[in-house]
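Take a look at the structure set out below.
Only a predicted model underlies this, so the values are computations on that prediction, with no experimental measurement involved. All values below come from the heavy atoms of this structure, side chains included, with hydrogens, waters and symmetry mates left out.
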Amino acid sequence: MTVKTPIYMDYNSTTPIDPRVLEKMQPYLRDVFGNAASRSHQFGWVAEEAVDYAREQVAKLVGATPAEIIFTSGATESDNLALKGVAHMYGMTDADKLLLDSIAKGHAQGTLPNAADMVPPRFGSVDLDAIAKEGAFELFKDRGDHIITVATEHKAILDSAKRLEKEGFKVTFAPVHKNGLVDLDALRAAITPRTILVSIMMANNEIGVIQPVQEIGALCREKGVVFHTDATQAVGKIPVDVNALNIDLMSISAHKMYGPKGIGALYVRRRKPRVRLEANIDGGGHERGMRSGTLNVAGIVGLGAAAELCTKELEAEMAKTRALRDRLWHKLSTDLDEIFLNGDPERRLPGNLNVSFAYVEGEALMMAIKDVAVSSGSACTSASLEPSYVLRALGVGDDLAHSSIRFGIGRFTTEEEVDYVGQLVVDAVRRLREMSPLYEMAKEGIDLASIEWAAH
Amino acid sequence: MAYNDKVIDHYENPRNVGTLDKDDPSVGTGLVGAPACGDVMRLQIKVSDDGVIEDAKFKTFGCGSAIASSSLVTEWVKGKSVEWAEGLKNESIVEELSLPPVKVHCSVLAEDAIKAAVADWKKKKQQPQG
């Protein structure tokens, strides 16, 4: 068998730029250099035209209107903008209310002559006399401070939520079922009158499971809570329609769908309901004031071109990647015993396969297939020495988390590559199991759970 | 992370993979680590009457560095005295394999494994043969 190595099978991590996308971008890296915000000359107009066109391309892919697309530097920034933007626009913590009370008190007693200037700008104009009279807790009792997200989210969400926690917001990390799907009953129970935002990803980056976004969105609508979804892994891979799925805010990344790195978008609903955000980045007021900074025209053109290709080719590509993924799983599960698929088998991205190979450590397996780029949930591949928190949240034991490999199949993966990788993995797992004391013990009928291992 | 050549060599051509009869009185077995931590090493030595390690075998569940560390130790201890094996320090393994800081625990585990194997052999020796 002749396949070219190294083989890239880590499409959930990033994807190569499609040559057709690169072609569209090139003029904007060379001759068309104008600032899209320059309204007074043709250099600016041409750039702005390209940006507007890309905005339409992105909007079309997700069923939005162009004005609802805010360009950012990528999904991490979009996630930060969504969470912090909503929290600061709609939320008010107890600490905020205490602060307002003391400012209002100083104002009423005349001890703070500049009291109005001391109100943090994110609260807009507040009536200090009314606060002094009624108290901020009474006056702003409808301003919530509670955010709900899920334990298996990407770090861009989890760490933004933790930052907000430090500011005084309260965050609930809702649990997931063993298959990785969010527990809808637990989610419903977690929503309180103080909840301002629910953020749940559309598809998971490690295990590829697709959350019941439509149901979550409907629940949020019913409760009057803003709903954000990080759709980095989903947009361009599965059909996404922001209206059908009841989405208010949605993070999009270009480099996961064959576009360039460093560019992404945040979908911000304009109607029913209109969602407002406090900007994270201040400056020239670009992107309707939500994200200042000179637009990355070439990147935006790339994102738009990538989105258009996905709009056209989505159905065919889904069928192709799913067939290749299933072919790989068939090979592995036919030839090897004691391997486990992590995440729901049906509700998952077509190109994602996350497998635990019992009694074999993930990094050792990656070393055995070093000409193949994959990822592992093993601690040894991370700086933290902790195995994947996503697999842990599913209740996968630490031993099997250490044994997990994520295969990401995409647009340029071939059947030959899948067959080559399948055989390589089978051979490597067999070799490493011959070397594994755990495999030998298990084959002798020793229950590994009965042994008192010395944790180290 | 790129691997050191010696680690790759031991990983690709591990020395002394296998199993000795753990019920043999001249065999000492050390089993250290935990599956939940991502590495388990089993190191076995067969010791002659005059205290020389005649044979050594290992099996390891762990990353490439863990496999290389245990492979290296079996290679080193063969033909040496049990006292030499007991005195083995993990720093020697770190140095030989140029292990980066995040992989030092693999060498510690290998040191623990050989010490556990020697201790097991000693315990057996003290017990009356049945």
**Q.** Contact winner vs chain A - B:P14, B:G62, B:C106, heavy-atom pairs under 4.5 Å
**A.** B:G62
Q.
Heavy-atom pairs under 4.5 Å with chain A - which of B:G18, B:S65, B:A66, B:A36 has more of them than the others?
A. B:A36
(Q) Counting only non-hydrogen atoms closer than 4.5 Å, does B:V40 touch chain A with its backbone (N, CA, C, O), its side chain (CB onward), both, or neither? (A) both
Q: Could you tell me which portion of B:L31 (side chain, backbone, both or neither) has an atom closer than 4.5 angstrom to a non-hydrogen atom of chain A?
A: side chain
Q: Kindly indicate whether the side chain of A:V418, heavy atoms from C-beta on, has any atom under 4.5 Å from the side chain of A:M9.
A: yes
Q) For the candidates A:K370, A:E434, A:R431, which exhibits the highest count of non-hydrogen atom pairs separated by less than 4.5 Å from chain B? A) A:R431
Q. When you look at NE2 of A:H330, are more than 12 heavy atoms from neighbouring residues, nucleotides or ligands closer to it than 6.0 Å?
A. no
Q) Are more than 12 heavy atoms from other residues, nucleotides or ligands located less than 6.0 Å from atom CG of B:D49? A) no
Q. Going by distance alone, is a donor N or O of one side chain under 3.5 Å from an acceptor N or O of the other, for A:N352 and A:N12?
A. yes
Q.
If I compare all heavy atoms of A:A358 with all of A:F340, which pair ends up nearest, and what's the gap?
A. CB-CE1, 4.1 Å
